[in-house]
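Step one of this worksheet: look at the structure below.
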Amino acid sequence: VQLQASGGGLVQAGESLRLSCAASGGIATINSMGWYRQGPGKQRELVAAITSGGSTNYTDSVKGRFTISRDNAKNTVYLQMNSLKPEDTAVYYCNAEGVLTGWGTYRAIGYWGQGTQVTVSS
């Protein structure tokens with residue numbers, strides 16, 4: 001199973017970015033997909049997560065600005081980030097938990113993507 005993230009970049013405060021992460025590798029279903037971030041000198045934190053049924057969870061600092069969504073048919077998760085702030089600057093990692101493959105293997109522990117840099121200038 002591999003996760004490929006894309007969409008990061010350099011923007012000014014107040015602008016928007018959309019991150020995408022596609023999971024591949026014989027996947028049948030994924031229970032939860034999400035985005036984490038790790039800023040300079042900080043620990044990795046959960047930004048947002050979404051279940052296969054569409055239930056979402058956001059960290060308080062991004063509520064009202066970020067929207068997570070997913071396309072179950074494509075095993076892809078998106079993060080629409082609006083009104084970006086300098087404190088959103090971080091490497092963003094996608095995560096997939098509860099992955100069932102087409103040949104019947106199940107892994108509860110999350111897979112990680114390679115990370116994509118988001119930099120917001122003031």
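In what follows, residues are counted from 1 in the order of the sequence shown. Note that the coordinates shown come from a computational prediction; the quantities given were computed from them, not determined experimentally.
Of all heavy-atom pairs spanning W103 and G25, the tightest one is CH2-O, 3.6 Å. The two residues V91 and G115 make their nearest non-hydrogen contact at CG1-CA, 3.9 Å. Here the shortest heavy-atom pairing between Y58 and A48 reads CD2-CB, 3.5 Å. Heavy-atom minimum distance, L17 versus G8: CD1-C, 4.4 Å. Smallest separation of non-hydrogen atoms from S121 and P86: C-CG, 4.5 Å.
Ring geometry for F66 against Y92 counts as tilted: the plane angle lies between 30° and 60°, on a 0 to 90° scale.
Residue Q114 places its CD atom among more than 12 non-hydrogen atoms of other residues, nucleotides or ligands, all under 6.0 Å distant.
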### Working for side-chain hydrogen bond (donor to acceptor under 3.5 Å, both in side chains), residues E87 and T89
CA-CA 5 Å; E87 50 263 43; T89 295; over 6 Å; no
### Task
Using the side chain to side chain contact (heavy atoms under 4.5 Å, CB included) rule, take K85 and R65 through it: C-alpha gap first, then chi angles, then the decisive distance, then the call.
CA-CA 10 Å; K85 304 176 180 180; R65 300 188 298 122; 3.8 Å; yes
#### Entry: Chi angles and distances behind the side chain to side chain contact (heavy atoms under 4.5 Å, CB included) call for T59, L46
CA-CA 7 Å; T59 191; L46 174 67; 5.9 Å; no
### Message
What verdict does the side chain to side chain contact (heavy atoms under 4.5 Å, CB included) test give for R70 and I68, after you've listed the backbone C-alpha separation in whole Å, the side-chain angles of each residue and the deciding distance to 0.1 Å?
### Response
CA-CA 7 Å; R70 65 188 279 180; I68 190 170; over 6 Å; no
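Side-chain contact between T67 and Y78: absent, with no pair of heavy atoms (C-beta onward) separated by less than 4.5 Å. When side chains are defined from C-beta on, V47 counts as touching R37, because their heavy atoms get closer than 4.5 Å. Contact annotation: the side chain of Y36 never approaches that of C94 to less than 4.5 Å [non-hydrogen atoms, C-beta and beyond]. Side-chain contact between Y106 and V99: absent, with no pair of heavy atoms (C-beta onward) separated by less than 4.5 Å. Taking the side chain as every heavy atom from C-beta outward, N75 and I30 approach each other to under 4.5 Å.
Atom CG in L19 sits 3.5 Å away from atom CE in M81 (nearest 0.5 Å). Atom CG of D88 and atom OG of S61 lie 7.0 Å apart (nearest 0.5 Å). Remark: Q38 CD to Q43 CD distance equals 8.0 Å, nearest 0.5 Å. Interatomic distance, I27 CD1 to Q2 CD, rounded to the nearest 0.5 Å: 9.5 Å. Between the CD1 atom of I50 and the OG atom of S55 there is a distance of 8.0 Å, given to the nearest 0.5 Å. We find the CE-CG distance between M33 and N95 to be 8.5 Å, quoted to the nearest 0.5 Å.
Between the side chain of N57 and the main chain of A49, no donor-acceptor pair closer than 3.5 Å is present.
By the criterion of side-chain heavy atoms lying less than 4.5 angstrom apart, applied directly or through intervening Ile, Leu, Val, Met, Phe, Trp or Tyr residues, W35 is grouped together with V1 in one hydrophobic cluster. In the hydrophobic cluster analysis, where Ile, Leu, Val, Met, Phe, Trp and Tyr join through side-chain heavy atoms closer than 4.5 angstrom, Y93 is grouped apart from V118.
Salt bridge present: K63 and D60 bring a charged side-chain N and a carboxylate O closer than 4.0 Å.
A donor-acceptor pair shorter than 3.5 Å can be found between the side chains of N82 and S16. Side chain to side chain, S6 and Q4 fail the donor-acceptor criterion of an N or O pair below 3.5 Å.
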